[in-house]
Amino acid sequence: MAARSYGQYCGITTAVELVTERWALLIIRDLLVGPRRYTDLKQGLPKIPTNILSARLKELQEGGVVRRVALPRCGLLYELTEYGHELEPIVLALGRWGFQAMGDPAEDDIVTADSLTMALRTAFRPEFATTPLDFQIQVGEVELRAQVSDGGLKIVQVAPPAPPVGGALPVGEAELRFASGPDIRYLIAGKLTAAEAVEQGVVTILRGDLPLLERFADLFRISAESA
């Protein structure tokens with residue numbers, strides 16, 4: 001448990017003490033993507049001091065949110081417990097809420113594979129997943145392969161090289177492959193149509209066509225109403 005106590009007997013207080021110490025929610029965000037080694041977590045959170053990462057992991061383990069496991073060929077990994085996985089809808093809802101207040105990125109702000117994965121999961125609208133879509137998205141040095149089918153979403157990291165438990169890439173090429181930067185948020189927010197995003201250089205289609213990008217924009221949307 002975190003050392004800080006608010007001295008109140010309340011479920012919200014307990015939750016705050018468990019997961020709102022600095023960096024804790026970002027560690028949980030990355031572990032929602034999958035189990036990670038200590039070095040994977042440090043790479044995904046490059047600004048976190050090593051002593052803080054160790055302290056947060058210890059606190060989350062003591063709180064029953066995270067556990068450490070040993071897997072063949074992977075070594076020691078951190079993963080969420082069943083109790084920790086119950087945070088997923090809360091984290092996704094928090095992401096949708098925070099999306100509304102996102103401005104332009106700072107000069108040293110980065111996009112990581114895990115943060116982009118969770119951004120896609122946050123914006124995904126399963127009720128629109130009536131037909132399959134196989135796409136590959138590149139934002140800076142990060143590239144993900146994603147498949148939508150039967151109302152579900154599967155995402156695998158392409159670049160940088162995925163952690164050892166990152167999942168296997170699908171066979172063959174994606175039907176849609178496109179590149180963008182942080183300005184893709186305008187497409188996801190519905191402030192730009194797919195055609196406008198391409199015309200303004202927000203999105204560059206590398207494989208596929210505009211109707212497929214329009215399909216992506218229908219599937220991944222965070223509007224004020226949905227937030």
Side-chain angles (χ1 to χ4, degrees), residues 18-19 21-95 110-124 126 129 132-174 177 219-220:
L18 270 173
V19 302
E21 288 288 337
R22 184 165 170 80
W23 296 101
L25 274 175
L26 295 187
I27 293 170
I28 291 167
R29 178 201 65 186
D30 288 2
L31 291 178
L32 281 168
V33 179
R36 295 289 182 263
R37 298 169 299 191
Y38 182 93
T39 52
D40 298 325
L41 290 167
K42 184 68 181 74
Q43 184 178 5
L45 301 168
K47 288 191 175 183
I48 188 172
T50 54
N51 64 317
I52 297 298
L53 176 56
S54 297
R56 292 296 92 84
L57 287 169
K58 181 181 179 181
E59 291 161 3
L60 291 168
Q61 288 178 84
E62 291 174 349
V65 178
V66 169
R67 64 185 165 219
R68 193 167 66 165
V69 296
L71 294 180
R73 299 184 298 277
C74 296
L76 289 173
L77 296 167
Y78 293 91
E79 66 177 12
L80 293 175
T81 62
E82 183 178 348
Y83 181 51
H85 272 288
E86 292 177 5
L87 285 164
E88 180 169 4
I90 299 168
V91 172
L92 294 179
L94 191 62
I110 63 171
V111 174
T112 67
D114 287 343
S115 70
L116 183 57
T117 296
M118 292 302 291
L120 289 175
R121 285 168 61 175
T122 297
F124 179 54
L133 178 66
D134 186 343
F135 69 92
Q136 204 154 313
I137 178 173
Q138 179 182 342
V139 178
E141 297 180 355
V142 172
E143 192 156 8
L144 304 176
R145 177 77 175 271
Q147 293 181 319
V148 175
S149 62
D150 299 324
L153 172 65
K154 178 182 178 181
I155 303 174
V156 179
Q157 182 175 329
V158 177
V165 288
L169 285 170
V171 176
E173 295 183 337
R177 181 170 178 253
L219 284 164
F220 297 89

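Residue indices begin at 1 and follow the sequence shown.
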Check the pair R68 / L77 against side chain to side chain contact (heavy atoms under 4.5 Å, CB included), numbers first and verdict last. CA-CA 6 Å; R68 193 167 66 165; L77 296 167; over 6 Å; no
Determine which pairs satisfy ring pair (Phe, Tyr, Trp, His ring centres under 6.0 Å) with at least one residue from residues 133-166, sequence neighbours left out, and list them in order. F135-F216, F135-F220
Please find the pair of heavy atoms, one from A174 and one from D134, that lie closest to each other, and give the distance. CB-OD1, 3.5 Å
Check L32 against M118 and note the closest heavy-atom contact, atom names and distance. CD1-CE, 3.8 Å
Could you check whether any side-chain heavy atom of P160 comes within less than 4.5 Å of a side-chain heavy atom of V142, counting everything from C-beta outward? yes
For residues Y83 and L18, determine if any side-chain heavy atom of one lies less than 4.5 Å from a side-chain heavy atom of the other. yes
Determine the minimum heavy-atom distance between W23 and P49, stating which atoms define it. NE1-CD, 4.3 Å
Shortest non-hydrogen separation from I110 to T112 and the atoms involved: CD1-CG2, 3.8 Å
Side-chain donor or acceptor of T81 paired with backbone N/O of G64 under 3.5 Å: yes
Can you list every salt bridge (charged side-chain N to carboxylate O under 4.0 Å, His left out) pair that touches residues 23-39, not counting sequence neighbours? R36-D114, R37-D40
Is there a side-chain contact between V156 and L144 in this structure, where contact means two heavy atoms from C-beta onward sitting under 4.5 Å apart? no
In Å, rounded to the nearest 0.5 Å, how long is the span from CZ of R56 to CD1 of I28? 11.0 Å
Restricting to non-hydrogen atoms, name the atom on P126 and the atom on G151 that form the minimum distance, rounded to 0.1 Å. CB-O, 3.5 Å
Below 4.5 Å, heavy atoms only, C-beta onward: do L153 and R121 meet side chain to side chain? yes
Would you sort out whether I27 and L53 count as a side chain to side chain contact (heavy atoms under 4.5 Å, CB included), showing the intermediate values? CA-CA 8 Å; I27 293 170; L53 176 56; 3.7 Å; yes
Let's go through L31 and L41 carefully: what are the C-alpha distance in whole Å and the side-chain angles of both, what is the deciding distance for side chain to side chain contact (heavy atoms under 4.5 Å, CB included) to 0.1 Å, and is it a yes or a no? CA-CA 8 Å; L31 291 178; L41 290 167; 4.1 Å; yes
Answer whether the closest heavy-atom distance between the side chains of R177 and R145 falls below 4.5 Å. no
Could you check whether any side-chain heavy atom of R73 comes within less than 4.5 Å of a side-chain heavy atom of P164, counting everything from C-beta outward? no
Would you sort out whether I137 and L120 count as a side chain to side chain contact (heavy atoms under 4.5 Å, CB included), showing the intermediate values? CA-CA 10 Å; I137 178 173; L120 289 175; 4.1 Å; yes
What heavy-atom pair brings P163 and Q157 nearest, and what distance separates the two atoms? CD-OE1, 3.6 Å
For atom CG of D150, is the number of surrounding heavy atoms from other residues, nucleotides or ligands below 6.0 Å larger than 12? no
Is the CD atom of Q43 crowded by more than 12 outside heavy atoms at less than 6.0 Å? no
Quick one: pull up CG in L94 and CG in L25 and give me the separation to the nearest 0.5 Å. 6.5 Å
Look only at the side chain of K42 and the backbone of P46, and say whether a donor-acceptor pair between them is shorter than 3.5 Å. yes
Would you say the side-chain atoms of S54 and Y38 include a donor-acceptor pair closer than 3.5 Å? yes
Atom pair OG1 (T122) and CG (L116), whose distance is rounded to the nearest 0.5 Å: 10.5 Å
